[in-house]
Amino acid sequence: MPRHSPSLDRATPDRIAETALLLIDEGGREALTFRALATRLEISLASLQRRCTDLAGLLDLCLDHVAARLPEVGRETDWATATEARFIGLYRLLAAHPGLLALRGTRPWLGPNLLARLVEPQLADSLAAGMTPEEAITAYRRMYLLTLGSAGFVDHRDPRAAQAATRSALAALDPEEYPALTGNLAAIVPAVTDHEVYYGALRQLVRAAAPAPAPAPPTGAAAPPDHRDI
């Protein structure tokens with residue numbers, strides 16, 4: 001029988017993704033290298049590269065591992081509630097891993113977990129609610145881009161540091177040249193890390209995109225003829 005290699009047990013896709021995410025969360029995107037990851041996993045570089053041939057493949061593995069935590073929304077849930085749940089779930093996951101979001105950059109995100117838990121059910125729900133395909137994809141893109149931008153705007157894991165950096169940068173501006181910015185620090189700084197800014201914007205998009213309910217039949221309208229009388 002062939003010898004079983006313990007390194008293969010330590011290099012499962014889930015273990016690789018979890019360990020890579022730990023490296024990124026601890027040291028930022030610069031901390032993720034194949035050599036550092038292999039060391040943390042206690043496997044050889046060659047074993048790791050057999051699982052993930054390049055950085056693109058490693059990122060895809062990490063992104064899909066994160067997407068597996070997206071909420072599964074019941075089919076009986078109304079469109080607006082389901083839409084909010086899916087995108088808020090995505091926002092919270094991305095905000096928890098800012099380094100991964102930065103590494104992702106403009107890469108397409110088409111892993112099976114994202115497609116199955118967010119993209120496909122969201123589009124299917126929108127079509128079932130009466131949207132045209134163009135309306136469905138437009139609504140999806142608006143909410144998706146809002147979510148990406150809001151999650152990646154600052155490091156939400158350390159709101160105090162993000163607020164301090166913002167305050168310092170704005171306080172260094174010339175008040176005569178930037179009176180609106182320098183004169184309203186008390187309002188601007190907290191908004192930088194306020195999750196309600198995202199939630200409120202998402203709800204506005206959901207309300208704007210929500211399909212109109214089917215019109216009720218006019219009061220007193222004659223009942224349709226019974227086919228048995230025709």
K.L.:
For R35, is there any backbone N or O sitting under 3.5 Å from a side-chain donor or acceptor partner on R40?
P.N.:
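No.
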K.L.:
Just grab all the ring-ring contact (aromatic ring centres under 6.0 Å, His included) pairs involving residues 163-196, residues at least two apart or on different chains.
P.N.:
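Every ring-ring contact (aromatic ring centres under 6.0 Å, His included) pair that includes a residue of residues 163-196, provided the two are not neighbours, is Y91-H195, H156-H195.
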K.L.:
With sequence neighbours left out, write down each residue that passes side chain to side chain contact (heavy atoms under 4.5 Å, CB included) with I24, or none if nothing qualifies.
P.N.:
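If we apply the side chain to side chain contact (heavy atoms under 4.5 Å, CB included) test to I24, skipping adjacent residues, the hits are L32, L100, L103.
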K.L.:
Nearest 0.5 Å please: distance from the CG atom of L58 over to the OG1 atom of T33.
P.N.:
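One finds 10.0 Å between CG of L58 and OG1 of T33.
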K.L.:
Which residues pass the salt bridge (Lys or Arg N to Asp or Glu O under 4.0 Å) test with E120, sequence neighbours left out?
P.N.:
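So E120 forms no salt bridge (Lys or Arg N to Asp or Glu O under 4.0 Å) with any residue.
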K.L.:
So, for A67 and L114, which heavy atoms are closest and what is the spacing to 0.1 Å?
P.N.:
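So the two residues come closest at CB-N, 3.6 Å.
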K.L.:
May I ask you to decide if R15's main-chain N or O and T19's side chain share a donor-acceptor pair within less than 3.5 Å?
P.N.:
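Yes; at least one donor-acceptor contact below 3.5 Å.
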K.L.:
Checking L127 now: which residues fulfil side chain to side chain contact (heavy atoms under 4.5 Å, CB included) with it, not counting sequence neighbours?
P.N.:
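Side chain to side chain contact (heavy atoms under 4.5 Å, CB included) list for L127, sorted by chain: P133, A136.
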K.L.:
Do the non-hydrogen side-chain atoms of L173 and L170 ever get within less than 4.5 Å of each other?
P.N.:
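A side-chain contact exists here, since the closest heavy-atom pair is under 4.5 Å.
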K.L.:
Tracing side-chain links under 4.5 Å among I, L, V, M, F, W and Y, which residues wind up in one group with F153?
P.N.:
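V154, V192, listed by chain and number.
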K.L.:
Please round to the nearest 0.5 Å and tell me the distance separating atom CG of L181 and atom CG of N184.
P.N.:
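Between atom CG of L181 and atom CG of N184 there are 8.0 Å.
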K.L.:
Between CG of L61 and CD of E18, what distance do you get to the nearest 0.5 Å?
P.N.:
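Taking CG in L61 and CD in E18, the distance rounds to 10.0 Å.
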K.L.:
What's the separation between atom OH in Y199 and atom CD in E84, rounded to the nearest 0.5 Å?
P.N.:
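If we round to the nearest 0.5 Å, Y199:OH and E84:CD are 10.5 Å apart.
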K.L.:
Decide side-chain contact (heavy atoms from CB on, under 4.5 Å) for D78 and T81; before the verdict, give the C-alpha distance in whole Å, the side-chain angles of both, and the deciding distance to 0.1 Å.
P.N.:
CA-CA 6 Å; D78 68 89; T81 302; 2.7 Å; yes
K.L.:
Could you state the interatomic distance from CG (L118) to CG (L123), rounded to the nearest 0.5 Å?
P.N.:
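Rounded to the nearest 0.5 Å, the CG-CG separation comes out at 8.5 Å.
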K.L.:
With a 3.5 Å distance limit and no angle check, can you tell me whether T77 reaches the backbone of V73 through a side-chain donor-acceptor pair?
P.N.:
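Such a contact is absent between T77 side chain and V73 backbone.
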K.L.:
State plainly whether one hydrophobic cluster holds both Y198 and I188, where clusters connect Ile, Leu, Val, Met, Phe, Trp and Tyr through side-chain heavy atoms under 4.5 angstrom apart.
P.N.:
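No, it is not one cluster - the side chains of Y198 and I188 are not joined through contacts under 4.5 Å.
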K.L.:
For residues 61-88, pull every pair meeting ring-ring contact (aromatic ring centres under 6.0 Å, His included), keeping only residues two or more places apart or in separate chains.
P.N.:
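Checked against ring-ring contact (aromatic ring centres under 6.0 Å, His included) - neighbours excluded - the pairs reaching residues 61-88 are F87-Y140.
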K.L.:
Taking only residues two or more places apart in sequence, or in another chain, which ones meet D64 in a salt bridge (Lys or Arg N to Asp or Glu O under 4.0 Å)?
P.N.:
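With sequence neighbours excluded, D64 shows a salt bridge (Lys or Arg N to Asp or Glu O under 4.0 Å) to no residue whatsoever.
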K.L.:
According to a hydrophobic-cluster definition based on side-chain heavy atoms being under 4.5 Å apart (Ile, Leu, Val, Met, Phe, Trp, Tyr only), do L94 and L22 belong together?
P.N.:
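The answer is no; the residues belong to distinct hydrophobic clusters.
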K.L.:
Could you pull out all residues at least two apart from T39 that satisfy side chain to side chain contact (heavy atoms under 4.5 Å, CB included)?
P.N.:
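With sequence neighbours excluded, T39 shows a side chain to side chain contact (heavy atoms under 4.5 Å, CB included) to no residue whatsoever.
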K.L.:
For L115 and L110, which heavy atoms make the closest approach, and how far apart are they?
P.N.:
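Scanning both residues, the minimum pair turns out to be CD1-O, 3.3 Å.
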K.L.:
So which pairs with a foot in residues 190-199 pass salt bridge (Lys or Arg N to Asp or Glu O under 4.0 Å), sequence neighbours left out?
P.N.:
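Salt bridge (Lys or Arg N to Asp or Glu O under 4.0 Å) check on residues 190-199 returns E196-R203.
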K.L.:
Could you walk me through whether Y144 and L90 satisfy the side-chain contact (heavy atoms from CB on, under 4.5 Å) test, starting with their C-alpha distance in whole Å, then the side-chain angles of each, then the deciding distance to 0.1 Å, before giving a yes or no?
P.N.:
CA-CA 9 Å; Y144 180 69; L90 178 63; 4.0 Å; yes
K.L.:
Answer yes if L45 and L59 sit in the same cluster of Ile, Leu, Val, Met, Phe, Trp and Tyr residues linked by side chain heavy atoms under 4.5 Å apart, and no otherwise.
P.N.:
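Result: yes, single cluster for both.
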K.L.:
Looking at L101 and A151, what are the two nearest heavy atoms and their distance?
P.N.:
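For L101 versus A151, the nearest heavy atoms are CD2-C, 3.8 Å.
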K.L.:
Who passes side chain to side chain contact (heavy atoms under 4.5 Å, CB included) against P121, sequence neighbours left out?
P.N.:
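Counting only residues at least two positions away or on another chain, P121 forms a side chain to side chain contact (heavy atoms under 4.5 Å, CB included) with R86.
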K.L.:
What heavy-atom pair brings A31 and A36 nearest, and what distance separates the two atoms?
P.N.:
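The answer is O-CB, 3.8 Å.
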K.L.:
Check for a donor-acceptor pair, side chain of R117 on one end and backbone N or O of L70 on the other, with a separation under 3.5 Å.
P.N.:
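Side chain of R117 to backbone of L70, a donor-acceptor pair under 3.5 Å: yes, one is there.
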K.L.:
Give the minimum heavy-atom separation between A209 and M143, together with the two atoms involved.
P.N.:
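Shortest heavy-atom contact: CB-CE, 4.1 Å.
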K.L.:
Listing request: all salt bridge (Lys or Arg N to Asp or Glu O under 4.0 Å) pairs with a residue in residues 133-151, at least two apart in sequence or in separate chains.
P.N.:
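For residues 133-151, and leaving out neighbouring residues, there are no salt bridge (Lys or Arg N to Asp or Glu O under 4.0 Å) pairs at all.
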K.L.:
Once rounded to the nearest 0.5 Å, what's the spacing between atom NE2 of H97 and atom SG of C62?
P.N.:
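Rounded to the nearest 0.5 Å, the NE2-SG separation comes out at 9.5 Å.
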K.L.:
Which heavy atom in C52 sits nearest to a heavy atom in I16, and how many Å separate them?
P.N.:
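Heavy atoms of C52 and I16 come nearest at SG-CG2, 4.2 Å.
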K.L.:
Which residue pairs satisfy the side-chain hydrogen bond (donor to acceptor under 3.5 Å, both in side chains) criterion with at least one member in residues 158-177, sequence neighbours excluded?
P.N.:
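The answer is Q163-T193.
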K.L.:
Applying the 4.5 Å side-chain criterion to the ILVMFWY set and letting contacts propagate, would I88 and V197 be lumped into a single cluster?
P.N.:
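Different clusters.
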